A.B. asks: 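Quick one: the structure is below, questions incoming.
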2 protein chains.
Amino acid sequence: MQFLEVDLLTLSMETLRDELLTRANFSDEEVSGIISKFKTVSLDKKESFLSAGKVSDSIAYVEKGSLIYSQTSPEGDDIAIDFAFEGDFVTYLNSFLSDTASDIDITTNEPSILKTLSKTELYDLYQKYPKMERTGRLLLEEGLAKIAKGRTIFQTMDNQDRYLFLMKHSPHILQRIPQYHVATYLGIKPESLSRIRRNLST
Amino acid sequence: MQFLEVDLLTLSMETLRDELLTRANFSDEEVSGIISKFKTVSLDKKESFLSAGKVSDSIAYVEKGSLIYSQTSPEGDDIAIDFAFEGDFVTYLNSFLSDTASDIDITTNEPSILKTLSKTELYDLYQKYPKMERTGRLLLEEGLAKIAKGRTIFQTMDNQDRYLFLMKHSPHILQRIPQYHVATYLGIKPESLSRIRRNLST
DNA sequence: TTACTTTCTTAACAATTGTCAATGAAAAGC
DNA sequence: GCTTTTCATTGACAATTGTTAAGAAAGTAA
């Protein structure tokens, strides 16, 4: 059991290493220096990574598991904003960049292993390894393109087409996230999603 | 008239200069070297900056005027995806990053003056001025935070609240963009936006 | 100015979604 | 095993939005 965990961590460490290596030509020592700053955090199901009211002062690389970004409406409903899976970087930029209180929660959807890095440590790394700026820029470019596409989906498709799009392009979301969270993520009520699914199966 | 235009260009040039200066400590020579690579382009109303089917191979800084990102639905309707105003950088990242054909159009909403830079020139600048990576990263961070917020609005607010949000946070859009474009931007039909406006005024 | 085009509003009806309440199924805890 | 909780589905009705078509208002050009 001990060995299994060590294997798992070793494997996961290499994943983050690959992530960094593919985006800039760091030397092995540089990559090790960067990775050594990350801290491993294990969270149970439904544990919080970021709570509304607190400042998002770190980023996390998802080694294993999944997380849900959610916002509580004035009526008290929880609305899913986004999801994160293995290989994703997690933070709430609106809070992170301006050091202001977050209006969203980020909680685990299942037991998860994260590699975290504080904002201070990240900025130290930018200072120490200027090539990191490129890694940061490339990750942000990909993230921006992805989320912009997501917003376009909302503007151009109706509810059923959004669900079909999710089935086609993000089946892992439907497999791993409870359906009522998928519904609010699509901007509709769980009952409406049930109806859409029923219509599709006939 | 000649003088007026020169004044205008000089003024506008300094705007882009400020944009660069505030995000990294470039020397005056560096800023001049960077800015000299931009080309000034004047477009009339409803002229195209990017057409669907073509690759987005340049970025543009909006010196004056406004532009509309739009997508044509399978039914042939034009849907506004985003708008750009003075001070914004314009490109379609999905196409720009992967050199694939764009599925959206970017056209001027009014006569506009743009400062354009080709992808090749931009990457040369990243190479020549490593500090540019930081400028790029910072612009992307702001852009990502902004567009992520926009998507959250879609997921958490109903149509009326989205319109009220736009009134409060982006009144310039309502002042300068035709209402039927604002409607599709909000994900609704122009007739629905009219109804919402009528309900609000009673 | 007049004529023309574009944009915005209105109304009636159809279609979709939300709301509320009840039931069934699946998962979690004991 | 059982019980309890959570989640998904269904149906009836209300509320909202889409559709279609018409006309009013605003903007453009001759």
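Just so we're clear, the structure is a prediction, and the values are computed from it rather than from any experiment. Order of the sequence lines sets the chain letters (A, B, ...), proteins ahead of strands, with each chain counted from 1.
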A.B. asks: Within a reach of under 6.0 Å around CG of A:Asp28, are more than 12 heavy atoms found that belong to other residues, nucleotides or ligands?
C.D. replies: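 Counting other residues, nucleotides and ligands, CG of A:Asp28 stays at 12 neighbours or fewer.
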
A.B. asks: Describe, in one word, how the ring planes of B:Phe154 and B:Tyr185 are oriented to each other, choosing from parallel (under 30°), tilted (30 to 60°) and perpendicular (over 60°).
C.D. replies: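 Perpendicular: the ring planes of B:Phe154 and B:Tyr185 meet at over 60°.
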
A.B. asks: Rounded to the nearest angstrom, tell me the gap between atom CG in A:Asp78 and atom C1' in D:dT6.
C.D. replies: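 Whole-Å distance recorded here is 15 Å.
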
A.B. asks: Grab the CG-P distance between A:Asp158 and D:dG18 for me, whole Å please.
C.D. replies: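 That distance rounds to 10 Å.
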
A.B. asks: Looking at A:Glu141 and A:Arg137, is there a salt bridge between them, counting it only when a charged N and a carboxylate O are closer than 4.0 Å?
C.D. replies: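 Salt bridge flag = yes for A:Glu141 with A:Arg137.
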
A.B. asks: Specify the separation, in whole Å, of atom CG of B:Asp161 and atom C1' of D:dT17.
C.D. replies: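 Result: 16 Å.
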
A.B. asks: Is there a donor-acceptor contact under 3.5 Å from the side chain of B:Asn109 to the main chain of B:Arg176?
C.D. replies: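 Here the side-chain-to-backbone pair exists.
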
A.B. asks: Please confirm whether the shortest side-chain N or O distance from A:Asn159 to OP1 or OP2 of C:dT16 is below 4.0 Å.
C.D. replies: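 For C:dT16, neither OP1 nor OP2 has a side-chain N or O of A:Asn159 closer than 4.0 Å.
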
A.B. asks: Does the distance from a Lys or Arg side-chain N to an Asp or Glu carboxylate O, for B:Asp124 and B:Lys37, drop under 4.0 Å?
C.D. replies: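 No, this pair does not count.
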
A.B. asks: Would you mind reading off the distance between B:Leu174 atom CG and C:dT7 atom P, rounded to a whole angstrom?
C.D. replies: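 For the pair B:Leu174 CG and C:dT7 P, the rounded distance is 16 Å.
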
A.B. asks: Using every non-hydrogen atom in the two residues, find where A:Ile59 and A:Phe49 come nearest and quote the distance to one decimal.
C.D. replies: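 Scanning both residues, the minimum pair turns out to be C-CZ, 4.4 Å.
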
A.B. asks: Considering heavy-atom distances to DNA chain D, does B:Lys45 or B:Gln160 have its closest nucleotide positioned more toward the 5' end?
C.D. replies: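 Counting from the 5' end, the first nearest nucleotide belongs to B:Gln160.
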
A.B. asks: Quick check on contacts: within residues 177-197 of chain B, what sits under 4.0 Å from DNA chain D by heavy-atom distance?
C.D. replies: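 Those residues whose heavy atoms fall under 4.0 Å from DNA chain D, taken from residues 177-197 of chain B in numerical order, are B:Ile188, B:Lys189, B:Glu191, B:Ser192, B:Arg195.
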
A.B. asks: To the nearest angstrom, how far is A:Arg198 atom CZ from C:dT17 atom C1'?
C.D. replies: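 Distance check: A:Arg198 CZ to C:dT17 C1' gives 13 Å.
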
A.B. asks: Take the protein atom CG of A:Asp77 and the nucleotide atom C1' of C:dG18, then report the distance between them rounded to whole Å.
C.D. replies: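 From A:Asp77 CG to C:dG18 C1': 12 Å.
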
